[in-house]
Amino acid sequence: MTKQYDVIVIGAGPGGMTAALYASRANLSVLMLERGSYGGQMNNTAEVENYTGFKTILGPELSEEMYQSATQFGAEYAYGMVESVTVQEDGTKIVKTDSAEFETKALVIATGSEYRKLGIPGEAEYSGRGVSYCAICDGAFFRNKKLAVIGGGDSAVEEGAYLTQLAESVTIIHRRDELRAQKILQDRAFANDKIEFMWDTVATEIVGDGQKVIGLKLYNKKTEVTTELPFDGVFIYVGSVPLSKPFLDLGITDENGWVLTNDKMETNIPGVYAIGDVRLKDLRQITTAVGDGAIAGQEAYKYLESLK
């Protein structure tokens, strides 16, 4: 039997939970569908130091606080692996999971993204223990440390420069002999005396002592020489992947799968919104996801009111 809701939020990270809070507070029936634990990537963050209102808070603790807030006005939460979304002629959205089917007039996509991994030994083992994918999130834990940044695009160069405000030194390791980042970012990096570069080099293993990262094994593609260098932390920037597979047939994404929205979080389908890391945007943080969620929750309410 298909269960009906005013609003369905796919994803229960900080953005999804905020959208559910705003929509349910407007006296709408709301369902949050999540494929894992509520909180999303916050659960993998040891300490959050850049969320307004808390000097520092554990990621799982912030997830729990947000969940309690999101459900206080009746929003429901359910586990579900969303397989497809279809839009009927009358605007009704049908959401199918691996075990159920739901119907709604307003849909908020909050599925997030995941960092593209290198897939080398030590990466998974030391994730959160010296391996990071976010300088803004984790840079403060590496004050006066020797860091490696892997990548050559805008994110790698920009985040590498950010880390120099905290670290003793930053080495940008790139598999090519020139950067892909914007020229202005390159110029700033080359002028920064705390940044060094290693060209034509790929990381083959992240080395640890069982507790934390202590170095990198590196292979130079031109000299064919393998070396091992000491580092206290490794920041990986080889791209992000949007978790948008169930929505690709809706025609709301770009060629890379990022969902396109306007500043009201509206996609090109009436009543379908996207928030947080799954949408095309510059800064992917808890604070920006929460802002997106507040807007989408309010806009969903306005949309439903317009249908009356």
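The 12-atom threshold is exceeded at NZ of Lys194, counting heavy atoms of other residues, nucleotides or ligands nearer than 6.0 Å. For Lys281, the NZ atom is densely surrounded, since the number of other residues' heavy atoms within 6.0 Å is greater than 12. Atom CZ of Arg284 has more than 12 heavy atoms from other residues, nucleotides or ligands within 6.0 Å. Around atom CD of Glu178, no more than 12 heavy atoms belonging to other residues, nucleotides or ligands sit under 6.0 Å away. Other residues, nucleotides and ligands contribute only 12 or fewer heavy atoms inside 6.0 Å of the NZ atom of Lys245. For CD of Glu101, the number of neighbouring non-hydrogen atoms (other residues, nucleotides, ligands) closer than 6.0 Å is greater than 12. For Tyr301, the OH atom is loosely surrounded, since the number of other residues' heavy atoms within 6.0 Å does not exceed 12. Applying the 6.0 Å contact sphere to CG of Leu283 captures more than 12 heavy atoms from other residues, nucleotides or ligands.
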Test side chain to side chain contact (heavy atoms under 4.5 Å, CB included) on Ile275 and Val108 and set out the steps. CA-CA 7 Å; Ile275 63 175; Val108 179; 3.8 Å; yes

Please lay out, stage by stage, how Glu103 and Tyr5 fare under the test side chain to side chain contact (heavy atoms under 4.5 Å, CB included). CA-CA 6 Å; Glu103 180 179 309; Tyr5 291 88; over 6 Å; no

Would Ile195 and Thr164 count as a side chain to side chain contact (heavy atoms under 4.5 Å, CB included) here? Give the steps. CA-CA 7 Å; Ile195 296 179; Thr164 62; 3.5 Å; yes

Could you check Ile206 against Glu123 for side chain to side chain contact (heavy atoms under 4.5 Å, CB included), going step by step and ending with a plain yes or no? CA-CA 6 Å; Ile206 296 171; Glu123 181 177 13; 4.0 Å; yes

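Ionic pairing of Lys302 and Glu305 is not present here: no N-O contact between side-chain nitrogen and carboxylate oxygen is shorter than 4.0 angstrom.
Residues Ser29 and Asp6 have side chains that bring a donor and an acceptor to within less than 3.5 angstrom of each other. Of the N and O atoms on the side chains of Asn144 and Glu168, not one donor lies less than 3.5 Å from an acceptor on the other residue. A side-chain N or O of Glu64 and one of Gln68 form a donor-acceptor pair less than 3.5 Å apart. Side-chain contact, Thr92 with Lys105: a donor N or O sits under 3.5 Å from an acceptor N or O.
Nearest approach of Lys93 to Gly271, heavy atoms of both residues: NZ-CA, 3.7 Å. When all heavy atoms of Ala110 and Val9 are compared, the closest pair comes out as CB-CG1, 4.3 Å. Contact record, Ala181 with Asp154: CA-OD1, 3.1 Å, taken as the closest heavy-atom pair. Nearest heavy atoms, Gly151 versus His174: C-ND1, 3.7 Å. Contact record, Tyr77 with Ala12: CE1-CB, 4.0 Å, taken as the closest heavy-atom pair.
Separation of atoms CD1 (Ile173) and CG (Leu218) is listed at 4.5 Å; rounding is to 0.5 Å. Atom CD1 of Ile214 and atom OH of Tyr126 lie 7.5 Å apart (nearest 0.5 Å). Here the OH-CZ distance, from Tyr133 to Arg116, works out to 12.0 Å after rounding to the nearest 0.5 Å. Between the CD1 atom of Ile150 and the CZ atom of Arg175 there is a distance of 11.5 Å, given to the nearest 0.5 Å. To the nearest 0.5 Å, atom CG of residue Leu147 and atom OG1 of residue Thr171 are 8.5 Å apart. For the atom pair Tyr51 OH and Leu62 CG, the distance stands at 6.5 Å (nearest 0.5 Å).
Hydrophobic clustering of Ile, Leu, Val, Met, Phe, Trp and Tyr side chains at less than 4.5 Å, counting indirect connections, keeps Leu107 apart from Met32. Under the 4.5 Å side-chain heavy-atom criterion for grouping Ile, Leu, Val, Met, Phe, Trp and Tyr, Val7 is not connected to Val272 through any hydrophobic cluster. Linking Ile, Leu, Val, Met, Phe, Trp and Tyr residues whenever their side-chain heavy atoms come within less than 4.5 Å leaves Met265 and Val259 in two separate clusters. When hydrophobic clusters are built by joining Ile, Leu, Val, Met, Phe, Trp and Tyr residues whose side-chain heavy atoms come closer than 4.5 Å, directly or via intermediates, Ile286 is grouped together with Tyr67. No single ILVMFWY cluster, assembled from side-chain heavy atoms under 4.5 Å apart, contains both Ile172 and Ile120.
Applying the salt bridge (Lys or Arg N to Asp or Glu O under 4.0 Å) criterion to Glu76, with sequence neighbours excluded, gives Lys3. Here Glu83 pairs with nothing under the salt bridge (Lys or Arg N to Asp or Glu O under 4.0 Å) rule; sequence neighbours left out. Applying the side chain to side chain contact (heavy atoms under 4.5 Å, CB included) test to Phe190 and every residue at least two apart in sequence or in another chain returns Leu179, Gln186, Phe197, Trp199.
No side-chain heavy atom of Thr97 sits under 4.5 Å from any side-chain heavy atom of Tyr79.
Checked against Val82 for a side chain to side chain contact (heavy atoms under 4.5 Å, CB included), the options Asp98, Leu243, Leu33, Ile8 give a single hit: Leu33. None of Thr111, Thr261, Thr253 except one satisfies the side-chain hydrogen bond (donor to acceptor under 3.5 Å, both in side chains) rule with Arg279; the exception is Thr261.
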Could you list the donor-acceptor pairs under 3.5 angstrom formed between side-chain atoms of residues 16-27 and any protein atom two or more places apart in sequence or on another chain?
| unit_1 | atom_1 | unit_2 | atom_2 | d |
| --- | --- | --- | --- | --- |
| Thr18 | OG1 | Pro14 | O | 2.7 |
| Ser24 | OG | Ala20 | O | 2.7 |
| Ser24 | OG | Leu21 | O | 3.2 |

Side-chain atoms of residues 230-238: list all donor-acceptor pairs with protein atoms under 3.5 Å, sequence neighbours left out, distances to 0.1 Å.
| unit_1 | atom_1 | unit_2 | atom_2 | d |
| --- | --- | --- | --- | --- |
| Asp232 | OD2 | Lys146 | N | 2.8 |
| Tyr237 | OH | Ala135 | N | 2.7 |

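A donor-acceptor pair under 3.5 Å is formed between the side chain of Glu34 and the backbone N or O of Gly36.
Residues Trp258, Leu260 make up the rest of the hydrophobic cluster containing Leu280, defined by ILVMFWY side-chain heavy atoms closer than 4.5 Å, directly or through other members.
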